[in-house]
Each structure stands twice: as C-alpha cells, then as structure tokens.
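Index from 1, following the sequence. Computed from a predicted model, the values in this text were never measured in an experiment. Every heavy atom of this structure was used, including side-chain atoms; hydrogens, water molecules and symmetry mates were not.
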Amino acid sequence: MASGQTVLQFLPSTVGLSARVHPVVVFNICDCYVRRSDQAERVIGTLLGSILPDGTVDIRNSYAVPHNESSDQVALDIDYHHNMFLSHQKVNPKEVIVGWYSTGFGVSGGSALIHEFYSREVANPVHLTVDTGFKMGEASIKAYVSANLSLGERQLAAQFNEIPLDLRMVEAERVGFDVFKKTIVDKLPNNLEGMETTMERLLVLIDDIYKYVDDVVEGRTAPDNHIGSYLAESMAHIPKMTPAAFDKLFNGSMQDTLLLVYLSSLTRTQLSLAEKLNTAAQIL
C-alpha cells in the first residue's frame with residue numbers, strides 16, 4: 001500500500017464484552033419512566049456498577065438524568081449528573097459509572113450524541129435499553145457497545161453492537177419480573193402463587209439435571225467437570241434428614257406462620273374496634 005494513503009478503519013471498542021444487570025436497575029428505570037414529565041418521550045440516565053475480574057460489566061444501580069431532546073440535538077443536565085454521582089460515591093465508593101440507559105426499543109438517532117458524552121466519563125460505556133412500549137409483546141432489555149468508524153484520525157460514525165446481557169436475580173425477584181414484563185396482568189400473584197411458580201420452575205430444572213446425568217451415564221453426552229462440580233456442591237448444601245423430620249419441620253413452620261397471621265388479624269380488629277369506640281365517645 002502506498003505511503004500517505006488514508007485508511008478507512010472500523011475499530012470495535014471491545015471484543016467479547018458482556019454485561020449483567022440486577023433487577024433493581026430495571027425496576028428503577030421503569031419507575032423513572034412512569035414519573036417522567038408529559039413532554040418527555042423517553043428517560044435516560046447513568047448506570048453504576050463495576051468491572052469484574054473476567055471483564056464482565058456488573059450493573060447494580062442507576063439514576064435518571066434530566067434532558068431535553070429534539071430531532072438533531074440532545075441537552076443533558078451535566079451538573080445534575082455530576083452531583084448525583086458524587087452523592088452515590090459517598091454512599092458506595094465502589095460503584096463507578098459503567099454506562100447509561102434509555103427507555104425505548106433499540107437505539108435511536110440521538111443515542112450517538114449521548115454515548116459520546118459518556119465515553120468521556122468512562123472508557124467503553126455500556127448502553128442499556130428497556131422497551132417500556134412493549135413493541136415485541138414484552139419488556140425487551142438489551143445492552144450495546146459502540147464501535148467507531150474512522151477515516152484516518154477523523155471519526156466518521158459510531159455503530160452500536162449488541163452484547164450478551166445476563167439478568168441476575170433470585171427466584172423471588174424473578175417472579176416479580178415475569179409479571180412486570182407482560183403487557184397485561186390480571187392481578188399480582190400472592191405468596192402461595194409465587195411459591196407455586198417457583199416450585200414448578202425448580203421441578204423443570206431438576207428434570208433437566210436428571211436428563212443430563214442419564215445422558216452422561218449412558219454415554220450420549222460428554223461429561224463436563226465444571227457441571228459435575230456444581231452438581232456436587234449443590235447436593236452438599238442439601239440438609240440430610242428423614243421424611244418424618246422434614247414433615248415435622250415444615251408443619252411447625254406453617255403453624256408459626258398461621259399463628260402470626262391470626263395475631264395480626266386480631267390486632268387489626270382490636271384497633272378498628274377501639275377507633276370506632278373512641279369516635280362514638282366523642283360524639284356522645
């Protein structure tokens with residue numbers, strides 16, 4: 001290639017990058033979207049977290065940033081952003097800026113301008129999108145990073161590439177998230193329905209484990225030492241007790257729970273009765 005010739009370069013920001021987000025971040029984003037002003041079409045904000053030793057971006061917190069957006073420009077309240085970040089640093093110094101979020105389906109036209117600002121705040125920021133409009137029938141959540149297209153030293157454009165995103169949540173949080181991501185919900189599940197959903201999912205996982213172990217024993221699937229160690233560790237956490245001891249423990253816990261429900265109902269009835277007697281005494 002002749003010297004002095006300008007080269008068009010496509011530079012990906014990261015290779016093999018992944019992210020994981022905690023459910024409190026998703027719930028916080030949706031809460032900010034519900035509380036937005038009538039003029040705002042979407043909500044944007046800052047993502048806080050850390051970079052794990054394996055390079056995964058761990059997103060654990062967030063806060064909204066006021067902004068004004070038009071077809072060709074975006075104005076962020078930078079002072080508010082910096083003040084909120086300083087406040088969060090006083091509470092948890094380990095959480096740093098790892099990217100930004102926006103509501104809506106996919107990347108919009110003004111996302112490149114906002115991403116450029118956060119690129120000055122942190123190297124390789126992650127862009128998280130939450131589809132609050134349910135365009136795909138549910139609340140789709142995706143993560144992106146930017147890849148720069150440069151001509152020599154001049155940056156021409158930025159392309160957003162989707163990266164793997166892991167939603168980290170315990171079973172109780174997953175029950176709430178499954179309700180939240182649907183477009184229509186008849187009613188919120190009570191404790192019994194939530195436990196039933198959790199147990200059904202647990203039975204499915206146990207069936208999958210049985211099938212995997214049988215396939216390994218029969219030689220249909222190659223054994224994996226990592227999966228075997230995980231299964232052994234999980235089995236070691238299961239307490240060893242007889243069925244009779246388990247039934248006694250479960251029934252005792254159930255009776256304690258019913259007793260607490262009865263006492264709370266009795267207390268509520270006494271307070272209501274005392275309030276009515278007090279009102280009647282004041283009238284007389």
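- Here the shortest heavy-atom pairing between A143 and L128 reads CB-CD1, 4.3 Å.
- Cluster membership for Y210 and L202, using ILVMFWY side-chain heavy atoms within less than 4.5 angstrom, is shared.
- Between I51 and V57 there is a side-chain heavy-atom pair separated by less than 4.5 Å.
- E121 CD to F85 CZ: the interatomic distance, rounded to the nearest 0.5 Å, is 8.0 Å.
- Counting heavy atoms of neighbouring residues, nucleotides and ligands inside a 6.0 Å radius, atom CZ of R35 does not exceed 12 of them.
- Between D166 and R20 there is no salt bridge, since none of the side-chain N atoms of the basic residue sits less than 4.0 Å from a carboxylate O of the acidic one.
- For the pair I97/L48, a side-chain contact is recorded, criterion being any heavy-atom separation below 4.5 Å from C-beta on.
- Distance check, rounded to the nearest 0.5 Å: NE2 of H82 to CG of L86 gives 8.0 Å.
- Heavy atoms only, all atoms of each residue included: V98 and V122 are closest at C-CG1, 4.3 Å.
- Rounding to the nearest 0.5 Å gives a distance of 9.5 Å between OG1 of T279 and NZ of K276.
- Looking at L76 and F117, their side chains come closer than 4.5 Å, going by heavy atoms from C-beta outward.
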Would you sort out whether Y101 and V43 count as a side chain to side chain contact (heavy atoms under 4.5 Å, CB included), showing the intermediate values?
CA-CA 8 Å; Y101 72 81; V43 176; 4.0 Å; yes
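- Under the 4.5 Å side-chain heavy-atom criterion for Ile, Leu, Val, Met, Phe, Trp and Tyr, L17 and L52 are members of distinct hydrophobic clusters.
- A donor-acceptor pair under 3.5 Å is formed between the side chain of S264 and the backbone N or O of V261.
- Contact check for I44 versus R42: side-chain heavy atoms found under the 4.5 Å cut-off.
- A donor-acceptor pair shorter than 3.5 Å can be found between the side chains of T46 and Y118.
- When all heavy atoms of C32 and A64 are compared, the closest pair comes out as SG-CB, 3.9 Å.
- E41 CD: 12 or fewer foreign heavy atoms inside a 6.0 Å radius.
- The line from CZ of R36 to CG of D31 is 12.0 Å long, rounded to the nearest 0.5 Å.
- Surrounding CD of E162 are more than 12 heavy atoms belonging to other residues, nucleotides or ligands, all under 6.0 Å away.
- Connection of V216 to I206 is not established within any shared hydrophobic cluster, with ILVMFWY side chains joined at heavy-atom distances below 4.5 Å, either directly or through further cluster members.
- Aromatic rings from H67 and Y80 are positioned such that their centres are separated by 6.0 Å or more.
- E200 places none of its side-chain heavy atoms less than 4.5 Å from the side chain of L205.
- Cluster membership check: V24 shares its hydrophobic cluster with L47, using side-chain heavy-atom separations under 4.5 Å among Ile, Leu, Val, Met, Phe, Trp and Tyr.
- Taking 4.5 Å as the limit, some side-chain heavy atom of V21 sits within range of a side-chain heavy atom of L167.
- Atom CG of L165 sits about 6.5 Å away from atom CD1 of I59, to the nearest 0.5 Å.
- For the atom pair CD1 (I29) and OH (Y33), the distance works out to 13.0 Å, reported to the nearest 0.5 Å.
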Side chain to side chain contact (heavy atoms under 4.5 Å, CB included), that's the test. Do L271 and E275 meet it? Break it down for me.
CA-CA 6 Å; L271 291 175; E275 182 180 359; over 6 Å; no
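- A donor-acceptor contact closer than 3.5 angstrom is absent between the side chains of H127 and S146.
- At least one donor-acceptor pair under 3.5 Å links the side chain of N28 to the backbone N or O of S62.
- Closest approach of A19 to I163, counting heavy atoms only: CB-CD1, 4.2 Å.
- Clustering ILVMFWY residues whenever any of their side-chain heavy atoms sit less than 4.5 angstrom apart, transitively, puts Y230 in a cluster other than the one holding V213.
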Please assess D215 against K211 for the test side chain to side chain contact (heavy atoms under 4.5 Å, CB included), listing each intermediate value before the final yes or no.
CA-CA 6 Å; D215 290 342; K211 184 178 183 301; 3.2 Å; yes
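- Formation of a donor-acceptor pair under 3.5 Å by the S265 side chain with backbone atoms of Y262 is not found in this model.
- Side-chain atoms of H115 and Y144 form no donor-acceptor pair, as typed in the model, at a separation below 3.5 Å.
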Hey, mind stepping through N61 and H22 against side-chain hydrogen bond (donor to acceptor under 3.5 Å, both in side chains) and telling me if it holds?
CA-CA 8 Å; N61 207 344; H22 293 254; over 6 Å; no
